[in-house]
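Sequence lines set the chain letters: A, B, ... in the order given, protein chains first and strands last, and positions in each chain run from 1. Note that the structure is predicted; figures quoted are calculated from it, not measured.
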There are 2 protein chains.
Amino acid sequence: MCKENFSIVGRIWINCNDDSFIGNGKIELLERIKQLGSLRKAAAEMKMSYRQAWINIDKMNKASNKQVVILKRGGREGGIAQITEFGEKILITYKNLQSDFEVFLTEQTKKLNDI
Amino acid sequence: MCKENFSIVGRIWINCNDDSFIGNGKIELLERIKQLGSLRKAAAEMKMSYRQAWINIDKMNKASNKQVVILKRGGREGGIAQITEFGEKILITYKNLQSDFEVFLTEQTKKLNDI
DNA sequence: CTTCGTTATGTTGATTAATGAATAACGGTG
DNA sequence: CACCGTTATTCATTAATCAACATAACGAAG
């Protein structure tokens, strides 16, 4: 009657020094930056305001002692946004994490049979 | 340098028909109701406004076809709040779930060694 | 030294969420 | 049938969040 309507869901993120470091939103932002080379375009594509996108990147860059994205202004193109090697590592780490988490959620949902 | 500052954190909750059914806050509310027999006192103890507490219970009671808490007004005591057997089941289920989730989180945090 | 598109930053307004006050409704008990 | 403390509900105010606009700063290229 009831059981098939219930499911376990959730969210995970990475903390740095007990402050939120990166989660779903910033990961998507990183991926688009990597693809587009522009913070403005990345933000626009995912309908995030440029201001918020910039603040997100700024926080990430300052949270640990390693930069995640390099932002430069000026030049022929107006500026560039480039993901660092550390940023790439974060991407890979988070993807594996998210994948494991989804397995966990479906497993736990299966356990609900007897509720 | 960096790795020991990073940790994986997250939240999980139970959905019913793709709507949020119960999470940390409501679980704590349920526990206090069970202990105190009063919605007002339960809300006060955890510094949740009575209004929000009542809305939470109401949503839960209407989300599935089973009542989680029985609320009655009137009577010598002014009224009572009583958790149902289904509510107890939810409590147990969620605690096991939360316990497994914390194991998952610490496991994943250990994997961060190489970041 | 002008142009260009981006990064960088402040400010204002709008939308939404949460809080708290106030009050009605209730029903055992005496 | 009056009392009591709780549940039930409305309402206005406040708080917090977010979006949008405006504009300065920048630096390579021509």
Can you tell me how far [atom2] of [N] sits from [atom1] of [X], to the nearest Å?
X: Lys72(A); N: dA25(D); atom1: NZ; atom2: P; value: 21 Å
X: Trp54(B); N: dC11(D); atom1: CH2; atom2: P; value: 15 Å
X: Leu71(B); N: dT9(D); atom1: CG; atom2: P; value: 11 Å
X: Met46(A); N: dC18(D); atom1: CE; atom2: P; value: 13 Å
X: Leu39(A); N: dT9(C); atom1: CG; atom2: C1'; value: 13 Å
X: Asn56(A); N: dA8(C); atom1: CG; atom2: C1'; value: 15 Å
X: Ile57(A); N: dT9(C); atom1: CD1; atom2: C1'; value: 16 Å
X: Glu77(A); N: dG30(D); atom1: CD; atom2: P; value: 11 Å

* 5'-most contact on DNA chain C: Gly37(A) or Lys47(B), nearest heavy atom basis? ->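 The residue mapped nearer the 5' terminus is Gly37(A).
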* Asked: Using a cut-off of less than 4.0 Å, is there contact between a side-chain N or O of Lys41(B) and OP1 or OP2 of dT6(D)?
  ->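 Answer yes for this pair, as a side-chain N or O of Lys41(B) is under 4.0 Å from OP1 or OP2.
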* **Side-chain N or O of Gln52(A) closer than 4.0 Å to phosphate OP1/OP2 of dC18(D)** => no
* Asked: Closest to the Tyr50(B) side chain: dT9(D), dA24(C), dT6(C)?
  ->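 Nearest to the side chain of Tyr50(B) among the choices is dT9(D).
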* To do: Among dA29(D), dA19(D), dT6(C), find the nucleotide with the atom closest to the side chain of Arg76(A).
  => dA29(D)
Salt bridge flag under 4.0 Å for residues [X] and [Y]:
X: Lys66(A); Y: Glu85(A); value: no
X: Asp19(A); Y: Lys59(A); value: no
X: Glu45(B); Y: Lys41(B); value: no

* To do: Between Met48(A) and Arg73(A), just flag the one whose closest nucleotide in DNA chain D comes earlier from the 5' side.
  => Met48(A)
* base_contact_polar (dG10(C) base, Arg51(A) side chain, donor-acceptor, <3.5 Å) ->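 Yes, a donor-acceptor pair under 3.5 Å.
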* To do: Take the angle between the ring planes of Phe86(A) and Phe21(A) and call it parallel below 30°, perpendicular above 60°, tilted in between.
  =>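 Geometry flag for Phe21(A) against Phe86(A): tilted rings.
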* Asked: CG of Leu112(B) to CD1 of Ile8(B): how many Å apart, nearest 0.5 Å?
  -> 4.0 Å
